Amino acid sequence: MASISLKNIRKVYGGRKEEFEAVKNFNLEIADKEFVVLVGPSGCGKSTTLRMIAGLEEITEGELKIGDSVVNEVSPKDRDIAMVFQNYALYPHMNVYQNMAFGLTLRKTPKDEIEKRVLEAANILDMKPLLKRKPRQLSGGQRQRVALGRAIVRHPKVFLLDEPLSNLDAKLRTQMRTEISKLHQKVGTTFVYVTHDQTEAMTMADRIVVMKDGIIQQVDTPAKLYHYPGNLFVAGFIGSPPMNFFEGTLYQSHNEYVVTMRDESLVIPPGKNKGGVLDKHIGSKVILGVRPEDILETTGKDAVNAYAASIDISEMMGSQTLVYFDFAGSKAVAWIRVASDAKIGKDIYFSINAEKIHLFDASTGKTITN
């Protein structure tokens, strides 16, 4: 059983006069064999949380359980975890086989068992031809595989991975994301993965934990985080390019709800007022959120919720083009079809798919409606 339970976890650095609370009241239940990703900007506390699970950082307050055992006072070597770091930490004088076997050798594991486990890990990672090579003879991706192999041979209850792909180039990162996802399926154990890259989180995780300033902002599946963000921070952090935000005021005109944004306005579909959630915000400042794919190019300004703008920047991205423009006093970005004549300075017409908009309370940042 490799479930992980974190209850009311706090991490405080320094003394009372210069106290810094890196992780604040962290509560999370990770199921056996689940792949959970902690994501957030630098300094949000995600790596500190991972290091507390590993036993490399002391827990200031709270209870940490791995399986059925409280491990707050258990040393890292006795927690039955394996950790993969951002820097591969390979021994340069040892070949791949020796690097992968090193931890088992220290534990005085029998040689035939070591060989069995190393070859098993090499098969999983497709590394058998590389076992006699030294780290200097390997590419970045191959070195990362060795680091993963060194963890696999331990047969740990839990894999902890701290930004393992950040030193790789874009193509290798994409390849290694796939490799790590396959590895999770093959070894069938619990993975806790830390990254600042939301694309990694979205493509790999069963569930994502979004953090900011040491506080959990939202925990959910990638799809639910994308389509139903709980606040402005999550909405802006998850998604590439990020969600567009426009400041406005919510009004009710006859039977319609309308957001006015400077000299523009947008009619809110009735379905967005489930349970009367909009009624308590009438007359209040709100933030309108729109994903770039929900801003649609039109042939004129006759469509519902249609507007005109002038293109500031145009980026052809293969099958589609990203265009940047000013709208309602804010910068906006939208995906449009690649065949469009999207040149800098050209006027375009676009509409907003109001069924897909998000509204946030401007004072609290919390979601009003998705």
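Everything numeric in this text was worked out from a predicted model, so none of it was measured.
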(message) Has Glu256 got a side-chain atom pairing as donor or acceptor with Ser253's backbone, closer than 3.5 angstrom?
(response) no
(message) What I'd like to find out is whether the side chain of Val286 reaches to under 4.5 Å of the side chain of Val259, using heavy atoms alone.
(response) yes
(request) Answer yes or no: is there a donor N or O on one side and an acceptor on the other, between the side chain of Thr221 and the main chain of Lys224, under 3.5 Å? (result) yes
(request) Without swapping roles, check the side chain of Gln144 against the backbone of Gly141 for a donor-acceptor pair under 3.5 Å. (result) no
(request) Check whether more than 12 heavy atoms from other residues, nucleotides or ligands sit under 6.0 Å from atom NZ of Lys186, and answer yes or no. (result) yes
(request) List the steps and the verdict of salt bridge (Lys or Arg N to Asp or Glu O under 4.0 Å) for Glu115 and Lys111. (result) CA-CA 6 Å; Glu115 182 175 4; Lys111 286 187 177 181; over 6 Å; no
(request) Kindly compute the distance separating CE (Met100) from CG (Leu90), expressed to the nearest 0.5 Å. (result) 10.5 Å
(message) Can you tell me if Glu18 has over 12 outside heavy atoms packed within less than 6.0 Å of its CD?
(response) no
(request) With rounding to the nearest 0.5 Å, note down the distance linking CD in Glu200 to CD1 in Ile208. (result) 11.0 Å
(request) Mind running side chain to side chain contact (heavy atoms under 4.5 Å, CB included) on Ile59 and Ile9 for me, showing each step along the way? (result) CA-CA 7 Å; Ile59 296 171; Ile9 297 292; 4.0 Å; yes
(request) Determine, for Glu120 against Lys116, whether the closest basic-nitrogen to carboxylate-oxygen distance falls under 4.0 angstrom. (result) no
(request) May I ask you to check whether over 12 heavy atoms, not counting those of Lys7, lie within 6.0 Å of atom NZ? (result) no
(message) Show the nearest heavy-atom pair for residues Lys280 and Val277, with the distance to one decimal.
(response) CG-O, 3.6 Å
(message) Tell me whether Leu138 shares a hydrophobic cluster with Leu172, the cluster being built from Ile, Leu, Val, Met, Phe, Trp, Tyr side chains joined at under 4.5 Å.
(response) yes
(request) Would you give the length of the straight line joining atom CZ of Arg79 to atom OG of Ser69, rounded to the nearest 0.5 angstrom? (result) 11.0 Å
(message) Could you walk me through whether Val84 and Leu160 satisfy the side chain to side chain contact (heavy atoms under 4.5 Å, CB included) test, starting with their C-alpha distance in whole Å, then the side-chain angles of each, then the deciding distance to 0.1 Å, before giving a yes or no?
(response) CA-CA 6 Å; Val84 180; Leu160 305 177; over 6 Å; no
(message) Regarding Arg207 and Glu34, does a basic nitrogen lie under 4.0 Å from an acidic carboxylate oxygen?
(response) yes
(message) Main chain of Tyr91, side chain of Asn99: is a donor-acceptor contact present, judged purely on distance under 3.5 Å?
(response) yes
(request) Locate the shortest heavy-atom distance separating Val37 from Ala201; write the atom from each residue and the value. (result) CG1-CB, 3.7 Å
(request) Check the pair Asp326 / Lys331 against side chain to side chain contact (heavy atoms under 4.5 Å, CB included), numbers first and verdict last. (result) CA-CA 5 Å; Asp326 290 325; Lys331 299 293 182 182; 3.0 Å; yes
(message) So, taking the atom named CG in Asn27 and the one named CG in Asn8, what distance separates them when rounded to the nearest 0.5 Å?
(response) 4.5 Å
(request) Answer whether the closest heavy-atom distance between the side chains of Met83 and Phe159 falls below 4.5 Å. (result) no
(message) Has Ser265 got a side-chain atom pairing as donor or acceptor with Thr260's backbone, closer than 3.5 angstrom?
(response) no
(request) Check Met211 against Cys44 and note the closest heavy-atom contact, atom names and distance. (result) CE-O, 3.5 Å
(request) Side-chain contact test, heavy atoms from C-beta onward, threshold under 4.5 Å: evaluate it for Leu6 versus Ile53 and give yes or no. (result) yes
(request) Using the salt bridge (charged side-chain N to carboxylate O under 4.0 Å, His left out) rule, pick out the option among Glu57, Glu58, Glu61, Glu63 that qualifies with Arg10. (result) Glu61
(request) Find out if a path of hydrophobic residues (ILVMFWY) with successive side-chain heavy-atom gaps under 4.5 Å connects Ile287 to Tyr226. (result) no
(request) Could you tell me whether a side-chain N or O of Lys46 sits under 3.5 Å from a main-chain N or O of Pro41, the two making a donor and an acceptor? (result) yes
(request) Look at the side chain of Thr109 and the backbone N and O of Thr105, then say whether any donor-acceptor pair between them is shorter than 3.5 Å. (result) no
(request) Would you mind reporting whether Ile357 and Leu359 have side-chain heavy atoms less than 4.5 Å apart? (result) yes
(message) If I compare all heavy atoms of Arg291 with all of Leu225, which pair ends up nearest, and what's the gap?
(response) NH2-O, 4.4 Å
(message) With clusters defined by side-chain heavy atoms of hydrophobic residues (ILVMFWY) lying less than 4.5 Å apart, directly or transitively, does Ile238 cluster with Phe245?
(response) no
(request) Please answer: with hydrophobic residues joined when any side-chain heavy atoms are less than 4.5 Å apart, are Leu64 and Ile215 in the same cluster? (result) no
(message) Please verify the inter-ring angle class for Tyr13 with Phe20; under 30° counts as parallel, over 60° as perpendicular, anything in between as tilted.
(response) parallel
(request) Using a 4.5 Å cut-off on heavy atoms from C-beta on, say whether the side chain of Lys285 contacts that of Asp361. (result) no
(request) Compare all side-chain heavy atoms of Val209 with those of Gln218 and state whether any distance is below 4.5 angstrom. (result) no
(request) State, to 0.1 Å, how close Pro222 and Ala205 come at their nearest heavy-atom pair, and which atoms those are. (result) CG-O, 3.5 Å
(request) State which residue, out of Asp80, Ile81, Ile30, fulfils the side-chain contact (heavy atoms from CB on, under 4.5 Å) condition with Ile66. (result) Ile81
(message) Test your reading of the model: is there a side-chain donor-acceptor pair from Asp294 to the backbone of Val290, 3.5 Å cut-off?
(response) no
(message) Strictly distance-based, threshold 3.5 Å: is any side-chain N or O of Thr367 a donor or acceptor partner for the main-chain N or O of Pro229?
(response) yes
(request) Answer yes if the side chains of Ser3 and Asp32 hold a donor-acceptor pair under 3.5 Å, and no otherwise. (result) no
(message) Tell me if the centroids of the rings in Phe246 and Phe327 come within less than 6.0 Å of each other.
(response) yes
(request) Determine whether Ile295 and Ile268 fall in the same hydrophobic cluster, where Ile, Leu, Val, Met, Phe, Trp and Tyr are linked whenever their side-chain heavy atoms lie under 4.5 Å apart. (result) yes
(request) Please confirm whether Tyr251 and Tyr257 have ring centers closer than 6.0 angstrom. (result) no
(request) First locate atom OG1 of Thr49, then atom NZ of Lys11, and finally report the distance between them rounded to the nearest 0.5 Å. (result) 11.0 Å
(message) Taking Ala89's backbone N and O only, do any of them form a donor-acceptor pair with Asn87's side chain (distance below 3.5 Å, no angle check)?
(response) no
(message) Are Met176 and Arg173 packed together at the side-chain level, in the sense that at least one heavy-atom pair is separated by less than 4.5 angstrom?
(response) no
(message) Rounded at 0.5 Å granularity, tell me how far NE2 in His184 sits from NZ in Lys33.
(response) 9.0 Å
(message) Tell me whether the rings of Tyr193 and Phe35 are parallel (<30°), tilted (30 to 60°) or perpendicular (>60°).
(response) tilted
(request) Can you label the angle between the Phe233 ring and the Phe237 ring as parallel, tilted or perpendicular, going by 30° and 60°? (result) parallel
(message) Please check if the number of heavy atoms outside Lys134 that lie under 6.0 Å from its NZ is greater than 12.
(response) yes
(request) Assess the side chains of Asp197 and Thr195: does a donor N or O sit below 3.5 Å from an acceptor N or O? (result) no
(request) Locate the shortest heavy-atom distance separating Glu163 from His196; write the atom from each residue and the value. (result) OE1-ND1, 2.7 Å
(request) List the steps, then state whether salt bridge (Lys or Arg N to Asp or Glu O under 4.0 Å) holds for Arg145 with Glu179. (result) CA-CA 9 Å; Arg145 286 187 191 178; Glu179 295 291 336; 3.7 Å; yes
(request) Take the angle between the ring planes of Phe350 and Tyr307 and call it parallel below 30°, perpendicular above 60°, tilted in between. (result) tilted
(message) Do Leu183 and Phe191 have side chains that approach each other closer than 4.5 Å (heavy atoms only, starting at C-beta)?
(response) yes
